[in-house]
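The model shown is predicted, which means the values in this text are computed figures rather than measured ones. The basis for the numbers below is simple: all heavy atoms, side chains too, and nothing from hydrogens, waters or symmetry mates.
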Amino acid sequence: MCRNIRTLHNYEPHATSEEVHAAALQYVRKISGSTRPSKANEEAFERAVHEVAHATQHLLEALVTHAPAKDRAEEAAKAKARAAVRFGAA
């Protein structure tokens, strides 16, 4: 489940609110142990996603780095190449 959470810091362009929300959703799914909460837990689940996304956005805004920003397309290509090697060798 958590393999969908990606690094969001130090990329150009910056992480979108949708990316932050998706990471928060994956995190809450992982720690709650469910991908879809029951009706009884739906409100708590959604509130947790909102709060984690909010905290994540604040964290990303506060982080400082001196490293050059990474290019999303370039990093995606590198990941695809690593996956090809990993799964091609199996």
Could you pull out the closest heavy-atom pair between [X] and [Y], with the gap in Å?
{"X": "Leu60", "Y": "Ala15", "value": "CD1-CB, 4.2 Å"}
{"X": "Ala53", "Y": "Ala24", "value": "N-CB, 3.5 Å"}
{"X": "Thr35", "Y": "Phe45", "value": "O-CZ, 4.4 Å"}

By side-chain contact (heavy atoms from CB on, under 4.5 Å) - contacts of [X] (at least two apart):
{"X": "Thr65", "value": "His9, Asn10, Ala67"}
{"X": "His54", "value": "His58"}
{"X": "Ala81", "value": "none"}
{"X": "Ala83", "value": "Arg86, Phe87"}

With the 4.5 Å side-chain cut-off for hydrophobic clustering, are Val52 and Leu59 part of the same group?
no
Suppose the criterion is salt bridge (charged side-chain N to carboxylate O under 4.0 Å, His left out): which pairs have a residue in residues 72-82, not counting sequence neighbours?
Glu19-Arg72, Glu74-Lys78, Glu75-Lys78
Suppose the criterion is salt bridge (charged side-chain N to carboxylate O under 4.0 Å, His left out): which pairs have a residue in residues 43-66, not counting sequence neighbours?
Glu43-Arg47
Rounding to 0.5 Å, atoms CD (Gln57) and CG (Leu8) come to a distance of 9.0 Å
Suppose we screen for side-chain hydrogen bond (donor to acceptor under 3.5 Å, both in side chains). Which residues come up paired with Asn41, at least two apart in sequence or across chains?
Ser38
